[in-house]
Amino acid sequence: MNKTKARVRINKLFRFLFQFSGLLCISILLGIFGMLCYNTIAFFTKISPIDFITATQWAPSSGGDTSTYGLLPLLVSTLLVTSGSMVLAIPLGIGTALFMSEYAGAGMKQWLKPTIEMLAAIPSVVIGFVGITIVSPLISTLFGLPNGLNALNGSVLLAIMALPTIITISEDAIHAVPQSLKEASLGLGATYWQTLRGVVLPTAAPGIIAAVMLGMGRAIGETMTVLMATGNTLAFPKSFFDSIRTITATIAIEMGEVPYQTTHYYALFAIAFVLFIITMLVNILAEHIANRIRQFQ
Amino acid sequence: MIQIKHLNLYFGTKQVLKTIDLEIAAHKVTALIGPSGCGKSTLLRTLNRMHDLTPDVRIEGEIEVDHIDVLSPQTNVHQLRKKVGMVFQKPNPFPKSIYENVAYGLKINGFAKGKIDEIVEDSLRKSYLFEEVKDKLHEPATRLSGGQQQRLCIARTIAVHPQIILMDEPCSALDPISTGKIEELIGELRKDYTIVIVTHNMQQAIRVSDYTVFMYLGEVIEFSSTEAIFQSPTKELTKNYVKGHFG
Ligand SMILES: Nc1ncnc2c1ncn2[C@@H]1O[C@H](COP(=O)(O)OP(=O)(O)OP(=O)(O)O)[C@@H](O)[C@H]1O
Ligand SMILES: [Mg+2]
C-alpha cells in the first residue's frame with residue numbers, strides 16, 4: 001500500500017516537473033517575442049513603416065534628423081548570401097547524403113559521417129578566419145577582384161556551415177527509406193538511378209526538406225562569419241561580388257554602441273523582428289510542404 | 001516457360017539452393033511449398049535477379065526465361081524484370097497516389113500520358129480494384145486496406161505487361177476475405193500470365209495452383225501436379241509435410 005502511495009507521489013512530482021519545464025520554455029519564447037514586438041512598435045511610433053520598407057539606405061546617425069532607416073539594403077544582403085549559400089549547399093548536401101547512404105561502403109561511411117558531423121563543431125569565428133585568409137584571396141584571384149570580402153565569400157562559408165546539418169539529416173531520411181520500396185521499383189524494371197529519383201528521394205523528401213530548412217535557418221541567423229567575411233559595406237548590393245552587410249551583422253556591430261532607447265536602438269529591434277518573421281515563414285512553409293508529402297506515407 | 005538447370009546458390013559459404021532442376025509451364029500456376037528457411041524466397045528471387053543487390057551471393061547453373069539467359073551478366077536485367085514481375089509478401093505501395101503507383105512502371109518506360117491513363121484503368125480493372133478506387137485515384141495509396149494495397153501492387157505489376165508474375169506469400173499479411181479476393185484474382189490472371197507463388201498455406205496451394213514444388217533444405221524433393229503432390233505423394237518427406245507433420 002505504502003509503495004503505491006509513494007509511486008503516485010513520484011508520478012505527480014515528475015508530471016509537475018515536466019509541466020514546469022514545458023511552461024518555462026514557452027514563457028521564455030513568448031517573452032523574447034514580446035520584447036521584440038514592444039521595441040519594434042516603439043520604433044514605428046518614430047519612423048513610419050513605409051519609410052522603413054521603402055528607403056534604400058541604412059544611415060543612422062545618433063540624434064540627427066539626417067538619419068534614414070532603410071531595411072532594404074540589409075534585407076537584400078541577407079537574402080543574397082543566404083540564397084547563394086543554399087544554391088551551393090542543397091545540391092552538394094543532398095548529393096553527399098545520397099552517396100553516403102546508397103553508394104559508399106560501410107567502411108567508408110563509418111569515417112565519413114563522423115567527419116562531416118565534426119564540421120558542425122567548428123566555431124563560426126574559425127570559419128570567418130578561413131573566409132578571410134583562404135576563400136577571400138581565392139575569390140579575388142579567380143574573378144580578378146581587388147577584394148574578395150563579398151557576398152560570394154559569405155555564401156561559400158555559410159554553405160560550409162549549413163552542409164553538416166543538411167547532409168546528416170538528409171542521410172538519415174534517405175537511409176530510412178524501406179528496402180521493400182526500392183525492391184518494388186527495381187522489380188518493375190527501373191534502373192537504380194530511376195529508383196533513386198522516382199522512389200527514394202520522394203519518400204525521403206519530408207526529412208530532406210527539414211534538413212534544408214534547418215541548414216537555412218543556420219545560414220540566415222549566422223552572424224560572426226558574415227560579419228568577418230563579407231566586407232560590411234552599407235550599400236545596396238548589385239551582385240555576389242559586392243561587399244554587403246546582413247541584418248545580423250548590422251545588429252551585432254551597432255548594438256554595442258547605440259544609446260539606450262533612441263530611435264536607432266529601436267531600429268535594431270525592428271530589423272531583428274524582420275529576421276524573426278523570415279525564419280518563421282520559412283519554417284511554416286517547410287512544415288506545410290512536408291505535411292503535404294507526408295500524407296501520402 | 002522457365003527452365004532451371006543445376007542451380008546452386010550460396011550466401012557466403014552457406015549453400016542455400018542445391019542442384020535445382022525445374023521446368024515451369026507457361027500459363028499455369030506453380031506453387032512453391034516447404035518449411036520455413038528451405039529456400040523458397042531465395043529461389044523465387046533468383047528468377048528476376050533480385051539477388052543482384054545482395055552482397056556475397058554466388059550462383060551457379062542456368063536459368064532460361066523465354067529464351068533469355070537470366071544469369072548471364074550480359075542480360076539486360078531491367079528488360080528481364082519487365083518480363084518477370086514480382087509481388088511481395090508485405091504490400092509495399094509507393095508513398096504516392098493510387099494512380100501514380102500503377103503509372104510508375106509505365107512512366108519509367110516512357111509511355112505517353114493518354115496511354116498511361118488507359119493502362120492504369122485497365123490494370124486496376126484486371127486486379128478487381130477499379131470499382132473500389134475509381135473515385136479516389138489521386139488519394140494516397142497508403143490509405144487503402146492491406147488487401148486493397150496488395151491488389152494495387154498486383155495492378156502495378158501487370159501494368160508493365162510481364163509474362164511471368166512471381167508472388168512471395170502474397171496473402172500472409174492479409175485477412176481471410178482479402179485472401180479470398182487475391183486467390184480469385186490469381187485464378188483470373190492465370191489465363192494471361194505464368195504465375196509462380198510461394199505459400200505456407202496448403203489449402204491455398206490446392207486452391208490456386210496447377211503444379212506444386214515441394215522444397216526441403218534447399219533441394220526440390222518432389223515436383224508434380226498439385227493433385228498428385230497432395231493426394232499421392234511419392235516421397236515420404238512430402239507426405240509428412242503435406243499432412244502437416246512438420247513445418
Ligand atoms: N541475404 C542473405 N544472406 C545470408 N543468408 C540468407 C540471406 N537470405 C536468406 N538467407 C538464408 O537462406 C535460407 C533460405 O531463406 P529463404 O528466405 O529463401 O527461405 P524461405 O523458404 O523463403 O523461408 P520462409 O518460408 O520463412 O520465407 C535461410 O536459411 C536464410 O537464413
Ligand atoms: Mg520466404
Side-chain angles (χ1 to χ4, degrees), chain A residues 94 97-110 169-211 286-297, chain B residues 41 44-45 47-55 76-110 138-143 149 152-162 165-168 173:
Chain A
I94 296 176
L98 266 181
F99 171 76
M100 262 176 26
S101 177
E102 301 296 313
Y103 293 102
M108 186 164 189
K109 194 175 156 182
Q110 210 165 41
I169 297 177
S170 307
E171 203 270 335
D172 289 342
I174 292 166
H175 195 75
V177 175
Q179 182 72 16
S180 65
L181 290 185
K182 291 188 221 168
E183 287 187 347
S185 168
L186 294 169
L188 290 166
T191 62
Y192 204 71
W193 173 237
Q194 285 169 328
T195 302
L196 283 186
R197 251 191 13 200
V199 174
V200 175
L201 282 179
T203 308
I208 293 177
I209 291 170
E287 192 62 31
H288 178 73
I289 299 173
N291 275 338
R292 295 261 326 238
I293 300 171
R294 226 176 266 132
Q295 73 172 18
F296 282 87
Q297 299 183 350
Chain B
S41 299
L44 203 66
R45 291 162 65 86
L47 302 179
N48 66 346
R49 293 246 317 247
M50 265 302 167
H51 293 303
D52 283 13
L53 288 180
T54 329
N76 181 337
V77 65
H78 311 296
Q79 225 51 52
L80 170 77
R81 287 180 186 150
K82 275 167 209 163
K83 269 197 172 122
V84 187
M86 189 164 211
V87 176
F88 298 80
Q89 180 166 358
K90 252 183 69 195
N92 54 354
F94 299 125
K96 300 173 188 283
S97 70
I98 294 169
Y99 174 90
E100 288 294 334
N101 260 277
V102 186
Y104 181 82
L106 302 166
K107 286 189 174 161
I108 282 169
N109 292 307
H138 297 283
E139 283 180 23
T142 41
R143 283 199 204 142
Q149 288 187 14
L152 179 66
C153 292
I154 293 175
R156 174 174 76 184
T157 305
I158 60 184
V160 294
H161 286 301
I165 302 177
L166 309 173
M167 301 183 171
D168 194 350

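Lettering of chains follows the sequences in order, A, B, ..., and the numbering in each one begins at 1. Atom set for the values below is all heavy atoms of this structure, side chains included, hydrogens, waters and symmetry mates excluded.
B/Asn48 is linked by a side chain to side chain donor-acceptor pair (under 3.5 Å) to nothing, counting only residues two or more places apart in sequence or in another chain. The salt bridge (Lys or Arg N to Asp or Glu O under 4.0 Å) search around A/Lys109 returns A/Glu171, not counting sequence neighbours.
No part of B/Arg49 comes within reach of chain A, as not one of its non-hydrogen atoms sits under 4.5 angstrom from that chain. Neither the backbone nor the side chain of B/Glu100 comes within less than 4.5 Å of any heavy atom of chain A. Contact annotation for B/His138: only backbone heavy atoms (N, CA, C, O) come within less than 4.5 Å of a heavy atom of chain A. Within the 4.5 angstrom heavy-atom criterion, only backbone atoms of B/Val84 (N, CA, C, O) approach chain A. For chain A, the nearby part of B/Phe88 is the side chain; its heavy atoms alone come within less than 4.5 Å. Heavy atoms of B/Pro93 lying under 4.5 Å from chain A belong exclusively to its backbone. Neither the backbone nor the side chain of B/Leu166 has a heavy atom closer than 4.5 Å to any heavy atom of chain A.
The structure places CG of B/Leu53 at 6.0 Å from CD of A/Gln179, a figure rounded to the nearest 0.5 Å.
More than 12 heavy-atom neighbours from other residues, nucleotides or ligands sit within 6.0 angstrom of CZ on B/Arg143. Surrounding NE2 of B/His51 are more than 12 heavy atoms belonging to other residues, nucleotides or ligands, all under 6.0 Å away.
For the pair B/Asn92 (side chain) and A/Leu181 (backbone), a donor-acceptor distance under 3.5 Å is absent. With hydrogens and angles ignored, the 3.5 Å screen pairs no side-chain donor or acceptor of B/Lys96 with any backbone N or O of A/Val199.
You'll find the side chain of B/Arg81 stays beyond 4.5 Å of the side chain of A/Leu188, heavy atoms only.
Contact detail for A/Glu183 and B/Met50: the closest heavy-atom pair is O-CE, 3.2 Å.
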Could you pull out all donor-acceptor pairs under 3.5 Å where a side-chain atom in residues 189-196 of chain A meets a protein atom, sequence neighbours excluded?
{"residue": "A/Thr191", "atom": "OG1", "partner": "A/Gln194", "partner atom": "N", "Å": "3.1"}
{"residue": "A/Thr191", "atom": "OG1", "partner": "A/Gln194", "partner atom": "OE1", "Å": "3.3"}
{"residue": "A/Tyr192", "atom": "OH", "partner": "A/Glu102", "partner atom": "OE1", "Å": "2.6"}
{"residue": "A/Gln194", "atom": "OE1", "partner": "A/Thr191", "partner atom": "N", "Å": "2.8"}
{"residue": "A/Thr195", "atom": "OG1", "partner": "A/Ser185", "partner atom": "OG", "Å": "2.9"}
{"residue": "A/Thr195", "atom": "OG1", "partner": "A/Thr191", "partner atom": "O", "Å": "2.8"}

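Using non-hydrogen atoms only and a strict 4.5 Å limit, the part of residues 200-207 of chain A facing chain B consists of A/Pro202, A/Thr203.
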